[in-house]
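Just so it is clear, the values below take in all heavy atoms, side chains as well, and ignore hydrogens, waters and symmetry mates. By convention in this document, chain letters (A, B, ...) are assigned in the order of the sequence lines, proteins followed by strands, and residues within each chain are numbered from 1. None of the values given here were measured: they were computed from a predicted structure.
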Protein chains: 2
Amino acid sequence: MSNIKGKGQCRTCAIRQLSIFALLPEANLTEIQHFQPSIMTFASNEAVYHQGEVATCAYTLRQGLIRLVKTLPNGRTQIVRLIRAGDSFGFDGFIGEPYNHSAIPLCEIEVCRLPLAELLALKRQHPEIESAMMKRWIQHLREAEDMMVELGAKKASERLASFLIRWCEPTGFNGWIELPLSRGEIGELLGLTIETVSRFISDWKRQGLIEERQGRIHLLDPERLQALACVDD
Amino acid sequence: MSNIKGKGQCRTCAIRQLSIFALLPEANLTEIQHFQPSIMTFASNEAVYHQGEVATCAYTLRQGLIRLVKTLPNGRTQIVRLIRAGDSFGFDGFIGEPYNHSAIPLCEIEVCRLPLAELLALKRQHPEIESAMMKRWIQHLREAEDMMVELGAKKASERLASFLIRWCEPTGFNGWIELPLSRGEIGELLGLTIETVSRFISDWKRQGLIEERQGRIHLLDPERLQALACVDD
DNA sequence: CGCATATTTGAAGCCCATCAAGCGAAGTGG
DNA sequence: CCACTTCGCTTGATGGGCTTCAAATATGCG
């Protein structure tokens, strides 16, 4: 179950430099009086918030991985974004709208809950926060555009190869990389069925393109995957 | 060909109240010295900028309609957003990245070109601009999420019905609505082929759901289309 | 009018979803 | 320790939805 661990301390926060608060002057962190975010933990699959709820708080992920999911009335779902440590999400309240998606942890997670009213005040005191947020949004919009190309213009194998590349890219494709998404979740993200995802992964394992052991993956031939992915540039 | 019509005058701009500059105090508009955006016109299909170019300017659309398009190396394309009068676009330079897409007019257009350096300075003077921009981005991110659901979780007919509904919604479905997109462009937007788009539109015309005359469309039965669209909430 | 372009319609085939069954690893209880 | 369940993954078979290819028809424009 969800659980409030206590009040957050920006000054000692391990992921602050990853967050939109990275540029806050270190000296000022103690004088932030009214901003007391709560640190909360959630179990895997326990929603941080649900699509349609009134959006009173934004969140910064401190640990773990979250999927933002939209659900259609008929039950079909689409993962619209994956949230990693340092990412912030749930800002719909800033434009007076309810959450546009549900935030569902992929594993046990820890978040910092930011009441929008307080964040708004803090943002006025420290314009660098708004600048940092703006940059994040531009980046997210770019990623959303990229994802639309994946979903709209690519075939199943291309989407999957592209996803694996993007997932493993940060490590330079070296060694075994944690892949905490089930086949079904990868499918939800790429607009495919679990069977299609499984078939291609199995194929590629047989062909020696990738290998997998206990939730970890290793790209043996990134170049050939890249070619399959139909990458741009 | 593209053409610079002259310097923009925020004070007399007809679409300013639609733009991110809506909240600028009317009195201050004359004292903005260093911000002299150019008004430019472009012909249909004449790119305002291309994917991959260095992003030195953002733009606000004054008149017409623009598609933001991403192209894969193999030539497949995806429209990632439609730009209407009052919308701003092309902010990639704010994070030091080249344009992530090409901006291609769907008809003759008129834009206001905003050099990023000047916009940055203006933004510092007038924090309300940044707030306005932030709200736009949140909105665009929501729309991008919605689009990902369309592309990832819906069938051809659902995507098309949903698109027609969204296009005609602002008018309350009354009367004939301008539809300046070709079948091919609708396909590019929805991740479908021109033939698939044409087939469903023809079907729906025969069934009396919609009618069309010289680039205008009229939804005769929005409820049944809505049902076809698989809409959320 | 005559040409170019957009749209419609048909036919064939492929990609992927769907349905169904089997496999394997982890956990439970007798 | 082993039957039994459970759950995620794999694999096969089938069908349908959409793409692709092709050609006819409609539309617009000089």
Side-chain angles (χ1 to χ4, degrees), chain A residues 43-45 67 72 74-78 106-107 150-164 178-207 209-217 228-230, chain B residues 43-45 67 72 74-78 106-108 150-164 176 178-207 209-217 228-230:
Chain A
S44 186
N45 290 313
R67 61 188 193 269
L72 293 173
N74 59 18
R76 274 180 280 177
T77 59
Q78 177 69 34
L106 283 158
C107 56
E150 297 290 318
L151 295 172
K154 286 193 185 178
K155 298 203 247 238
S157 57
E158 295 164 346
R159 292 182 212 175
L160 187 56
S162 179
F163 165 74
L164 291 178
E178 205 79 41
L179 183 68
L181 295 169
S182 70
R183 301 292 189 262
E185 285 155 351
I186 296 173
E188 270 188 289
L189 179 69
L190 303 180
L192 303 172
T193 59
I194 180 174
E195 293 95 333
T196 301
V197 174
S198 177
R199 269 182 246 275
F200 281 110
I201 290 185
S202 297
D203 270 6
W204 294 343
K205 278 188 204 170
R206 279 187 285 266
Q207 293 178 32
L209 279 172
I210 60 178
E211 44 183 354
E212 193 187 27
R213 273 201 331 246
Q214 48 212 24
R216 282 184 165 77
I217 197 167
L228 284 172
C230 205
Chain B
S44 185
N45 290 314
R67 61 187 193 273
L72 292 174
N74 60 17
R76 274 180 279 178
T77 59
Q78 176 70 33
L106 283 157
C107 54
E108 280 197 9
E150 297 291 318
L151 296 172
K154 285 192 183 179
K155 300 202 248 235
S157 58
E158 295 165 347
R159 291 182 213 176
L160 187 56
S162 178
F163 164 74
L164 291 177
W176 293 85
E178 205 78 41
L179 184 67
L181 296 169
S182 70
R183 302 291 188 262
E185 285 155 350
I186 296 173
E188 271 187 289
L189 180 68
L190 303 179
L192 304 171
T193 60
I194 181 173
E195 293 95 333
T196 302
V197 173
S198 176
R199 270 181 246 274
F200 280 110
I201 289 185
S202 298
D203 270 6
W204 293 342
K205 278 188 202 169
R206 279 187 286 268
Q207 294 178 31
L209 278 172
I210 61 178
E211 44 184 354
E212 192 187 28
R213 274 201 329 248
Q214 47 213 25
R216 281 185 166 78
I217 196 166
L228 284 173
C230 205

Q: Roughly how many Å is it from CG in B:Asn74 to P in D:dT20, rounded to a whole number?
A: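 Rounded to whole Å, this separation is 11 Å.
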
Q: Is there a donor-acceptor pair closer than 3.5 Å between any side-chain N or O of B:Glu158 and the backbone N or O of B:Leu228?
A: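 Not a single qualifying donor-acceptor pair exists.
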
Q: Can you tell me how far P of D:dC9 sits from CD1 of A:Ile210, to the nearest Å?
A: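 In whole Å, D:dC9 P and A:Ile210 CD1 are 13 Å from each other.
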
Q: Could you state the CG-P distance from A:Leu160 to C:dC15, rounded to the nearest angstrom?
A: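 About 16 Å, once rounded to whole Å.
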
Q: Do any side-chain nitrogens or oxygens of A:Thr196 fall under 4.0 Å of OP1 or OP2 in C:dA17?
A: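 Looking at the OP1 and OP2 atoms of C:dA17, one of them is under 4.0 Å from a side-chain N or O of A:Thr196.
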
Q: Below the 4.0 Å mark, does C:dA25 have OP1 or OP2 next to a side-chain nitrogen or oxygen of A:Arg213?
A: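 Looking at the OP1 and OP2 atoms of C:dA25, neither is under 4.0 Å from any side-chain N or O of A:Arg213.
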
Q: Please check the phosphate of C:dA17 (OP1 and OP2 only) for any side-chain N or O of A:Arg76 closer than 4.0 Å.
A: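 The answer is no; no side-chain N or O of A:Arg76 sits under 4.0 Å from OP1 or OP2.
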
Q: Could you say whether A:Lys155 or A:Glu212 is positioned toward the 5' end of DNA chain D, judged by the nucleotide with the nearest heavy atom to each?
A: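 Looking at DNA chain D, the more 5' nearest nucleotide goes with A:Glu212.
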
Q: Rounding to 10°, can you tell me the angle the first-five-pair axis of the helix from C:dC1-D:dG30 to C:dG30-D:dC1 makes with its last-five-pair axis?
A: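 Result, rounded to 10 degrees: 30°.
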
Q: To the nearest angstrom, how far is A:Glu188 atom CD from D:dG8 atom P?
A: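 So the CD-P distance, A:Glu188 to D:dG8, works out to 12 Å.
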
Q: Measure the distance from CG on A:Leu151 to C1' on C:dC16 and round it to the nearest whole Å.
A: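 The distance from CG of A:Leu151 to C1' of C:dC16 comes to 15 Å, rounded to the nearest Å.
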
Q: Among pairs that include at least one residue of residues 185-200 of chain B, which meet salt bridge (charged side-chain N to carboxylate O under 4.0 Å, His left out), considering only residues two or more places apart or in two chains?
A: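 Non-adjacent pairs meeting salt bridge (charged side-chain N to carboxylate O under 4.0 Å, His left out): B:Arg67-B:Glu185.
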
Q: Does B:Arg199 make a side-chain donor-acceptor contact with the base of D:dG17, cut-off 3.5 Å?
A: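 Side chain to base: no pair below 3.5 Å.
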
Q: Under 4.0 Å between any heavy atoms, over every strand shown, what does A:Arg206 touch: base, sugar-phosphate, or nothing? Just pick one.
A: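 Sugar-phosphate: the residue A:Arg206, judged by heavy atoms under 4.0 Å, touches backbone atoms but no base.
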
Q: Tell me, do A:Cys230 and A:Lys155 make a side-chain contact under 4.5 Å, heavy atoms counted?
A: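 No, side chains not in contact.
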
Q: Can you check whether any acceptor in the base of C:dC19 is under 3.5 Å from a donor in the side chain of A:Glu195, or vice versa?
A: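 For A:Glu195, whose side chain was compared with the base of C:dC19, there is a donor-acceptor pair (under 3.5 Å).
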
Q: Touch check for A:Gly191, heavy atoms < 4.0 angstrom, all strands: base, sugar-phosphate only, or nothing?
A: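 Sugar-phosphate contact only - A:Gly191 comes under 4.0 Å of backbone atoms but never of a base.
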
Q: Expressed as a whole number of angstroms, how long is the span from B:Glu158:CD to C:dA17:P?
A: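 In whole Å, C:dA17 P lies 14 Å from B:Glu158 CD.
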
Q: To the nearest 0.5 Å, tell me how far A:Ile201 CD1 sits from A:Ser157 OG.
A: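 Going from the CD1 atom of A:Ile201 to the OG atom of A:Ser157 covers 12.5 Å.
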
Q: Which distance, rounded to the nearest 0.5 Å, do you find between the SG of B:Cys107 and the CG of B:Asn45?
A: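 Atom-to-atom, B:Cys107:SG and B:Asn45:CG are 10.0 Å apart.
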
Q: Less than 4.0 Å between a side-chain N and a carboxylate O, is that true for B:Glu212 and B:Arg206?
A: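 Result for this pair is no, no salt bridge flagged.
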
Q: Report the distance from atom CG of A:Leu192 to atom P of C:dT18, rounded to the nearest whole Å.
A: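 Those two atoms, CG and P, are 11 Å apart.
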
Q: Between D:dT11, D:dT19, C:dT7, which nucleotide gets closest to the side-chain atoms of B:Ile194?
A: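 Per side-chain heavy atoms of B:Ile194, the pick is C:dT7.
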
Q: Using a cut-off of less than 4.0 Å, is there contact between a side-chain N or O of A:Ser202 and OP1 or OP2 of D:dT11?
A: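 Indeed, a polar side-chain atom of A:Ser202 lies that close.
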
Q: In the structure I gave you, are the side-chain heavy atoms of B:Leu160 and B:Thr196 within less than 4.5 Å of one another anywhere?
A: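 The answer is no; the side chains never approach within 4.5 Å.
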
Q: Looking at every non-hydrogen atom in both residues, tell me the closest pair between A:Pro180 and A:Leu106 and how far apart they are.
A: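 Nearest pair, atom of A:Pro180 first, then A:Leu106: O-CD2, 4.3 Å.
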
Q: Of the residues in residues 179-186 of chain A, which ones touch DNA chain C at a heavy-atom distance under 4.0 Å?
A: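 Hits under 4.0 Å, by residue number: none.
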
Q: Side chains of B:Phe163 and B:Leu181: closer than 4.5 Å at any heavy-atom pair?
A: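 Yes, side chains in contact.
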
Q: Salt bridge between B:Glu150 and B:Arg159, side-chain N to carboxylate O under 4.0 Å?
A: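 Judged by the 4.0 Å cut-off on N to carboxylate O distance, B:Glu150 and B:Arg159 do not form a salt bridge.
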
Q: Look at A:Lys205 and D:dT10 and indicate whether a side-chain polar atom (N or O) is within less than 4.0 Å of OP1 or OP2.
A: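 Answer yes for this pair, as a side-chain N or O of A:Lys205 is under 4.0 Å from OP1 or OP2.
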
Q: Separation of A:Gln214 atom CD from D:dG8 atom C1', in whole Å?
A: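 About 15 Å, once rounded to whole Å.
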
